[in-house]
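Down below is the structure, laid out as structure tokens.
Just so it is clear, the model here is predicted, and its values are computed rather than measured. We number each residue from 1, following the sequence as shown.
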Amino acid sequence: MAFSNYSCLQRAQLTFDYLHTNSTTHEFLFGALAELVDNARDADATRIDIFTERREGLRGGFMLCFLDDGAGMDEHDAASVIQFGKSAKRSPESTQIGQYGNGLKSGSMRIGKDFILFTKKDHSLTCLFLSRTFHEEEGIDEVIVPLPSWHVRTKEPLTDNMEKFALETELIYKYSPFKSEDEVMEQFNKISGENGTLVIIFNLKLMDNGEPELDVSSDPRDIQMAETPPEGTKPERRSFRAYAAVLYIDPRMRIFIHGHKVQTSVSPAACTSLGRSHSQESFRFKTRAEQEVKKAEHMARIAEEKAREAESKARAFELRLGGDLSKESRIMLRQIQDTATTLRREADVKKRIREAKQRALKEPKELNFIFGVNIEQRHLDGMFIYNCSRLIKMYEKVGPQLEGGMACGGVVGVVDVPYLVLEPTHNKQDFADAKEYRHLLRAMGEHLAQYWKDVEIAQKGISKFWDDFGYLSANWNQPPSNELRYKRRRAMEIPTTIQCDLCLKWRTLPFQLSSVEKEYPDTWVCDMNPDPTQDRCDAPEQKQKVPLSILRKKKTQEDKQKELTDKIRQQQERLEALQKTTPIRSQADLKKLPLEVTMRPAFEVSASAVGRVSPSSCPIPALTPLSVAEFGAAPAAPLSSAARVPCAGSCLPLLQVLSSRKRNISTVEEEEEEEEEHTSRREKRKPGRPVAVKEEKKDSNEVVVEVSNAFDKGQHVEVRVNKEWYTGRITAVEVGKQAVRWKVKFDYVPTDVTPRDRWVERSSEDVRLMKPPSPENQKPNTRQQPPPQTSECVRTEPDTTGSSSNQESDILAQTLRNCLRYFLPPNFPISKKDLSSMSSEELATFPLVRPGSYFMLWRVLPGAKMLEKHEYQMRISRIL
């Protein structure tokens, strides 16, 4: 038959060779089957039946059928199906799966050579026939698609061209399995509802051995791959029933294979234990959003040009009319003006769409990750990546799972990525933007590591965790034990969710011993629910509550550096503002400053951070600002947790420790880092609890000293826990009104003793100080004495008659030694080690003022005069 005879039939407007090329995009055969399931879901079908019919005369020996109760199509809708690349679903805000107008053609052509579609909508019956066999035998290069229609009730043709209708039906009867109108109508009768679609694929593709690629006989409830899969192949790549069970998140459409219902679930993570939800907002995913912005800008520009052109045409026509007020002229002018107004409205709408997409481009994209432990099959772990609720990638290993160890083994993760974030490829088996997809996997890996910490499986013992669920073999791929106690244990952990066939709502069944390994019927309704609150279809659906976890990223050195620099800058700004409004004339005024200004150390950052501190805004209010160049470098160790402040009497540069203020520790990590920085100075300190001094200005010649607990930190102690003594050290001190508390970090504790650090009262009988290492300082009683209830005041005049004077001299000598060690100028002839061994007399005669030394050129308080060298040494000698 000549090609000219088919000139009146529908054309797909592409060459015949494209049919084969397009089908090769589906390397995964189940992905091709899923394309037809996707079309039923997008048509709002509540049920799809996938079954086969034996036809020995056809290639492969059977036909593969897809029957759904969706919206169906009329002749106009069906005509758009055969146009490749045309889709009414394409929209960035769309939640439908189809976006390319290609799935039906590519999927069906991958499975077989021919397909025929029967669809019912309203009062019409439409048949669409796409056959490669027809084109090969007729020698036709352009794709031609017969598309006849009938009336539902009368079965009369719906056409004005009976010649075209007769030609279309003749081709269907010749090249399809249905040889008469009665057989065609029999296929329409399989659509029981008012609307629906039946797709039949025949002349299936064969393997090299002449057998079809799909095995439909080995399991009457399933469709499987005919080839023997390699060892370790996931079930979803062998069984279409297993693949269909995880194909969608929150599926509302029921899937039946050979008449047996597929037990789908809300998501793969819903079938797991220890579920956790993670949320992330990211500005990283911009490729799709940028493409949509460019497209909106292009559409808005075209609409604006059309509106301007129409408005210009209306103005020109109005000027041309002049005084012509005839009826025909007025009607024509009104039509042109109405057209211009309509185009202007469309341009304004396109402009608003463009602006909305530009705003959306700057907003972060939110992703929700759900993790759980697959206790039924621990070897089936990895990430399931969905797009618009449709599975794209499965069993992707991320984060710790890539290392191949037991960490995060058995964990399943799920994420549903919207179309605006990542765009899938045409075959829906991968993502188009590989770079952003890798970023998504990295983000999931970070959240997976956090999930593993939150569930604390590693802390309790990974092997013990799996032993509890019946995994008694060391082989990771071995299934768990089938003993009843292990089956019950696993059933208690996994909630049973089932869908009602009437209302399509998901119900979570309460756990019952009788439900262990229970087979539920394919037709299940809410009345069968043993939960009295959920046994009616009108009862609201209850979503499973998954705990929300937070990703706690470990701060890098750059993050810590930036954070500390910002804190210093903020404190400087606050200090400068306070100094302008609050005069500091005494120690009492200094106490009124905020805690972070008066107590935080000035040099708690690295040398590079200190180098950025402005000389005009030194964070230590008691010091005259000096540049780092004058100091030579940042101090080797930071100051203690309390700020050093000289005494207000301008008689001695003592460093004050405000020990009565409680210090808030932000993180244990910062506490440990600060503890390491203090280690070298603690080892040089004499055994026993050091004392700090607190000064108040009485007059110009008097200083009052109070014994404090600030230097308890770092001492080694023993703590009694469960009648056993464990060693540790003090990492933090809290001074309250009633008692002094120590935070002790244990050196070692058994696994059943948690946590590894705890707060204890200093006066408790369950805590005692360990003996100091130096024999000369050992005391008979190693238990810590309670702190003095009142301040011990000592005047600074020389007094050699009592022990308090010796104690005061030791305090002042140690304070001066610390002062010299902290502020030692560069190239000084005395090392820090020599300073630690100097006696009190040597300290009193120590030459402080040398060429290039700025040690004593500082102010006690802003506005106070500097001390001369002889005046300073005279006062030191008088005290010591």
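Taking the side chain as every heavy atom from C-beta outward, D433 and E423 never approach each other to under 4.5 Å. Proximity of V415 to I385: side-chain heavy atoms (C-beta onward) are separated by under 4.5 Å at one or more points. Within the 4.5 Å cutoff, side-chain heavy atoms of I457 are placed close to those of V373. Counting heavy atoms from C-beta on, the side chains of E734 and W759 come closer than 4.5 Å. Looking only at side-chain heavy atoms (C-beta outward), K205 and E213 come within less than 4.5 Å of each other. Contact annotation: the side chain of T508 never approaches that of T496 to less than 4.5 Å [non-hydrogen atoms, C-beta and beyond]. Contact check for V767 versus E718: no side-chain heavy atoms found under the 4.5 Å cut-off. Counting heavy atoms from C-beta outward, V216 and H258 have side chains that approach closer than 4.5 Å.
Checked by atom type, the side-chain pair H716/T727 shows no donor-acceptor distance below 3.5 Å. Side-chain polar atoms of E446 and Y451 form no donor-acceptor pair below 3.5 angstrom. Judged by distance alone, the side chains of T425 and D430 never bring a donor and an acceptor atom under 3.5 Å apart. Looking at E366 and S279, their side chains do bring a donor and an acceptor atom within 3.5 Å of each other. Remark: the S473 side chain and the Q478 side chain contain no N/O donor-acceptor pair separated by less than 3.5 Å. No donor-acceptor contact under 3.5 angstrom links the side chains of R110 and H26, judged on distance only.
Between the W506 side chain and the P251 main chain, a donor and an acceptor come within less than 3.5 Å of each other. Panel note: side chain S273, backbone I375; no donor-acceptor pair is recorded below 3.5 Å. Side-chain atoms of N477 never come within 3.5 Å of backbone atoms of H379 as a donor-acceptor pair (strictly under, hydrogens ignored). No donor-acceptor distance shorter than 3.5 angstrom exists from the side chain of T233 to the backbone of P229, with no hydrogens or angles considered. A donor-acceptor pair under 3.5 Å links the side-chain atoms of R490 to the main chain of F469, judged by distance alone. Within the 3.5 Å criterion, the main-chain N or O of E363 finds a donor-acceptor partner in the side chain of K365. Side chain of K397 to backbone of M383: no donor-acceptor contact under 3.5 angstrom is found. Of the possible polar contacts, none joining the N387 side chain to the P424 backbone as a donor-acceptor pair under 3.5 Å is found. Judged by distance alone, the side chain of D222 and the main-chain N or O of Q224 form no donor-acceptor pair under 3.5 Å. Checked by atom type and distance alone, the side chain of D215 never pairs as donor or acceptor with a backbone atom of A226 at under 3.5 Å.
We find the CD-OG1 distance between Q715 and T731 to be 13.0 Å, quoted to the nearest 0.5 Å. Atom CG in L36 sits 15.0 Å away from atom CZ in R41 (nearest 0.5 Å). Separating the CZ atom in R720 from the OH atom in Y726 is a distance of 12.5 Å, to the nearest 0.5 Å. I568 CD1 to E563 CD: the interatomic distance, rounded to the nearest 0.5 Å, is 11.5 Å. Note that CD of Q499 and CE of M253 are 10.0 Å apart. Values are rounded to the nearest 0.5 Å. The OG atom of S549 lies 12.5 Å from the NZ atom of K453; values are rounded to the nearest 0.5 Å.
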Q. Y248 and D416: side-chain hydrogen bond (donor to acceptor under 3.5 Å, both in side chains), yes or no, with the steps?
A. CA-CA 10 Å; Y248 305 110; D416 187 15; over 6 Å; no
Stepwise side-chain contact (heavy atoms from CB on, under 4.5 Å) test for L448 and Q401: CA-CA 9 Å; L448 174 63; Q401 292 179 340; 3.8 Å; yes
Query raised in the report: Checking side-chain hydrogen bond (donor to acceptor under 3.5 Å, both in side chains) for the pair D566/Q570: CA distance, chi angles, key distance, verdict?
Result: CA-CA 6 Å; D566 292 341; Q570 294 172 3; 5.9 Å; no
* Take K743 and R758, measure what side-chain contact (heavy atoms from CB on, under 4.5 Å) needs, and give me the verdict at the end. => CA-CA 6 Å; K743 185 176 184 180; R758 62 177 60 197; over 6 Å; no
So L440 and V417, side-chain contact (heavy atoms from CB on, under 4.5 Å) or not? Walk me through it. CA-CA 10 Å; L440 173 67; V417 183; 3.8 Å; yes
Item to complete: Might you work through the side-chain contact (heavy atoms from CB on, under 4.5 Å) test for K518 and Q512, ending with a clear yes or no?
Response: CA-CA 10 Å; K518 179 180 178 180; Q512 295 176 330; 5.9 Å; no
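Taking a cutoff of 4.0 Å between a charged side-chain nitrogen and a carboxylate oxygen, D42 and R390 do not qualify as a salt bridge. Ionic pairing of R485 and E483 is present here: one or more N-O contacts between side-chain nitrogen and carboxylate oxygen are shorter than 4.0 angstrom. The existence of a salt bridge linking E35 and K428 is confirmed by a sub-4.0 Å separation between a basic side-chain nitrogen and an acidic carboxylate oxygen. With respect to the salt-bridge test (charged N to carboxylate O, under 4.0 angstrom), the residues R552 and D454 qualify. Using a 4.0 Å cut-off between charged side-chain N and carboxylate O, E292 and K294 make no salt bridge.
Closest approach of L472 and Y486 over heavy atoms only: CD2-OH, 3.8 Å. Closest non-hydrogen pair, P479 versus Y471, comes out as C-CE2, 4.2 Å. The shortest non-hydrogen separation linking L380 to N374 is O-ND2, 3.1 Å. The minimum heavy-atom distance between R241 and H260, with the atom names listed, is NH2-O, 3.0 Å. Contact record, Q280 with F369: OE1-CE1, 3.4 Å, taken as the closest heavy-atom pair. Minimum heavy-atom separation, P400 to A449: CG-CB, 4.1 Å.
When R507, K505, R252 are each tested for a salt bridge (charged side-chain N to carboxylate O under 4.0 Å, His left out) with E541, only one passes: R252.
Heavy-atom contacts from other residues, nucleotides or ligands closer than 6.0 Å to CD1 of I550 number 12 or fewer. More than 12 heavy atoms of other shown residues, nucleotides or ligands fall within 6.0 angstrom of atom CD in Q459. Heavy atoms of other residues, nucleotides or ligands lying less than 6.0 angstrom from CD of E290 number more than 12.
Two rings, from H447 and F371, have their centers 6.0 Å or more apart. Two rings, from F30 and F28, have their centers less than 6.0 Å apart. Centroid-to-centroid, the aromatic rings of Y395 and F384 come within less than 6.0 Å.
Between F240 and Y243, the ring planes are tilted. Angles from 30° to 60° get that label.
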